[in-house]
Asks: 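Please read through the structure below; I'll follow up with questions.
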Number of protein chains: 2
Amino acid sequence: MESPTSSVLDALNRNPSSLTDLTISAVRQGVANGALQPGELYSVYKLAEDLGISRSPVREALLRLAETGMVKIERNRGFRVVLPSPRDIAEIFSIRLALEVPAARRAANHSEPAPRSKVRQQYKSLELAAESQDIAAFEQHDQQLHALLIAGQGGHRTVRLVNSLRDSTRMLGVSTMGQERTLEEISLEHLPIVEAFEAGDGEAAAASMKEHLTATGRLLIQKALKATGSGDSVDQIWSEFAD
Amino acid sequence: MESPTSSVLDALNRNPSSLTDLTISAVRQGVANGALQPGELYSVYKLAEDLGISRSPVREALLRLAETGMVKIERNRGFRVVLPSPRDIAEIFSIRLALEVPAARRAANHSEPAPRSKVRQQYKSLELAAESQDIAAFEQHDQQLHALLIAGQGGHRTVRLVNSLRDSTRMLGVSTMGQERTLEEISLEHLPIVEAFEAGDGEAAAASMKEHLTATGRLLIQKALKATGSGDSVDQIWSEFAD
DNA sequence: CACTAACATGTAGCATGTTAGTCATGACAG
DNA sequence: CTGTCATGACTAACATGCTACATGTTAGTG
């Protein structure tokens, strides 16, 4: 194996864990910035070469991503980044609603000073990223804000689960972000959640979280429907999964 | 490579897919029947030898199981089957409640003849397994019944997700099954759900599903608390995650 | 006797060789 | 022109060799 590229080394130094984890991050990033196109066929061979590492960790990374549905592996053919169907999106958001709305309620009802300042801080970072149109940073702080609102008591599994669901819709956000909704608008949707959390108002937190997720989910479904040219309506699909 | 054991061959014939999948099944089964003890340290090396295959598919299987939390891999040491803490169990059931209760409601409200007969049939199999004290069959039909009640429109992800959550608590069921509750009792808990589903009564289905999952979850937490000798109460832990 | 350093052992993680399956291409028969 | 079949390129899946590391043990030091 020749000398790894500097970016690989950098990532290695930041995170001494494993090349598999590194590869997972790399694929996520590639999907986020469009380097990996949904539907296109790629091979473990080439990806390993590009990353300057061997096939084993790359393969392991892809298997784990396939487990979450972000990627599909085709035997003896290669792998594809999966573009979720409108129904997939609806299901994903129905799950997120089922998990995050009660979580937001509980979090607000039990909110304490320390997590409050963290949430506020995270929201400020989100605003900042929105102002400077930094989509990558925006995505990251959005994720961390949602994670904070779930983590309350230590819902590790729930956080991991929601993060993996976000993975599946990440490639949709890329094209959507800053078009239908500006980053500022999305950022503002979080404000009532944060305020309700700080006020310890569980019901308000739940309601505004529900509104936020519903708006996001429906928008992504609409986007996906336009892309597929299907005749189905957003309402119809949405009603199959969420109320 | 010597001759694989007959059980391995059997599993291979049933499922011609991949050795990785075979290994996942083998580990699940090993956990279910106590061949793999929680907390004990095992090695990929030996497991691969026992299965009569190479280390690669075994390693891949364990990585995927680690992803779901059923197993923990320790670098350069081995892997352990994870015994979930009382809090872990509470979180798992809070997730299952969030997903399965609304799913049961929707399923009942949209129930049609075809799925109805399938559900009824699955319930009969469950009863039968309970009568004959066949724990393995009982587990399987229990899982399939829950899956049917979720799958409604095609909630593939939700089904997979719930199945993976069940994985994490499987080793607890082993020791519990047929002690605190008899199989017949557990089977009977499903009856009101099935009846509400057949009657198209969403609210009743949701309520009885909630009752069933709550009873199961609390029982497992109690069991786990006794094992750890902790002073926490079931109510206290339960209230941190579920309502 | 306490305490440390060298070493033996066993492991995950990674690299790489091997096997067998899939598909595109094009020759060729009808 | 069309459908069939050989063939070659490419691939995932699997097997296996290698390396660095974590840990328990033992030998050496005060």
Asks: Phosphate oxygens OP1/OP2 of C:dA12: is one of them under 4.0 Å from a side-chain N or O of B:Arg59?
Replies: no
Asks: Restricting to non-hydrogen atoms, name the atom on A:Arg157 and the atom on B:Thr68 that form the minimum distance, rounded to 0.1 Å.
Replies: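 So the two residues come closest at NH1-O, 4.0 Å.
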Asks: Check the phosphate of C:dG10 against B:Ser43, side-chain N and O only, distance under 4.0 Å to OP1 or OP2. Yes or no?
Replies: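 So the side-chain polar atoms of B:Ser43 never come under 4.0 Å of the phosphate oxygens OP1 or OP2 of C:dG10.
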Asks: If I take atom CZ in residue B:Phe79 and atom P in nucleotide C:dG10, what distance separates them, rounded to the nearest angstrom?
Replies: 17 Å
Asks: Please report the distance, rounded to the nearest Å, between CG in A:Leu47 and P in C:dA15.
Replies: 13 Å
Asks: Could you tell me the separation between the CG atom of B:Leu41 and the C1' atom of D:dA22, rounded to a whole number of Å?
Replies: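 These atoms are roughly 11 Å apart.
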Asks: Tell me yes or no: between the side chains of B:Ser164 and B:Asp167, is some donor less than 3.5 Å from an acceptor?
Replies: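 Their side chains do not contain a donor-acceptor pair, so the 3.5 Å distance test is not met.
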Asks: Among B:Arg59, B:Arg64, B:Glu60, which residue meets the side chain to side chain donor-acceptor pair (under 3.5 Å) test with B:Thr20?
Replies: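 That would be B:Glu60; it is the only one of B:Arg59, B:Arg64, B:Glu60 passing the side chain to side chain donor-acceptor pair (under 3.5 Å) with B:Thr20.
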Asks: Determine, step by step, whether A:Phe93 and A:Trp238 satisfy the side chain to side chain contact (heavy atoms under 4.5 Å, CB included) criterion, reporting the C-alpha distance in whole Å, the side-chain angles of both residues, the deciding distance to 0.1 Å, and the verdict.
Replies: CA-CA 9 Å; A:Phe93 275 87; A:Trp238 186 258; 4.1 Å; yes
Asks: Among the nucleotides C:dG17, D:dC18, C:dC14, which one has an atom lying closest to any side-chain atom of A:Leu19?
Replies: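 That would be C:dC14.
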Asks: Rounded at 0.5 Å granularity, tell me how far CG in A:Leu213 sits from CD1 in A:Ile92.
Replies: 12.5 Å
Asks: OP1 or OP2 of C:dG13 less than 4.0 angstrom from a side-chain nitrogen or oxygen of A:Thr20, does that happen here?
Replies: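 No, A:Thr20 has no side-chain N/O under 4.0 Å of OP1/OP2 on C:dG13.
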Asks: If you count every heavy atom of other residues, nucleotides or ligands that lies below 6.0 Å from B:Tyr42 atom OH, does the total exceed 12?
Replies: yes
Asks: Would you kindly give the CZ-to-P distance between A:Arg55 and C:dT18, to the nearest whole Å?
Replies: 11 Å
Asks: To the nearest 0.5 Å, what is the distance between CD1 (A:Ile95) and CG (A:Leu161)?
Replies: 7.5 Å
Asks: Please pick, from C:dG10, D:dA15, D:dA12, the nucleotide with the shortest atom-to-atom distance to any side-chain atom of B:Asn76.
Replies: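 Side chain of B:Asn76 sits closest to C:dG10.
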Asks: What is the distance from CD of B:Glu74 to C1' of C:dG13, rounded to the nearest Å?
Replies: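 Roughly 15 Å, once rounded to whole Å.
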Asks: Looking at B:Lys46, does any N or O in its side chain come under 4.0 Å of the phosphate oxygens OP1/OP2 on C:dT11?
Replies: yes
Asks: Could you give the OH-to-P distance, from B:Tyr45 to C:dG13, as a whole number of Å?
Replies: 14 Å
Asks: Would you kindly check whether a donor in the side chain of A:Ser56 faces an acceptor in the base of C:dA15, or vice versa, at under 3.5 angstrom?
Replies: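 Yes, a donor-acceptor pair under 3.5 Å.
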Asks: Quick check on C:dG21: is either OP1 or OP2 less than 4.0 Å from any side-chain nitrogen or oxygen of A:Arg77?
Replies: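 So the side chain of A:Arg77 is outside the cut-off, no N or O lying under 4.0 Å from OP1 or OP2 of C:dG21.
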Asks: When you measure from the side chain of B:Ile53, which nucleotide among D:dA15, C:dA15, C:dA12 comes out closest?
Replies: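 Of D:dA15, C:dA15, C:dA12, D:dA15 is nearest to the side chain of B:Ile53.
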Asks: Which whole-number value in Å describes the distance from B:Tyr42 OH to C:dT11 C1'?
Replies: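 To the nearest whole Å, that distance equals 16 Å.
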Asks: Find the distance B:Asp21:CG to D:dA12:P and express it as a whole number of Å.
Replies: 17 Å
Asks: Taking five pairs at each end, how big is the angle between the two axes of the helix from C:dC1-D:dG30 to C:dG30-D:dC1, to 10°?
Replies: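 Nearest ten degrees gives 10° for this helix.
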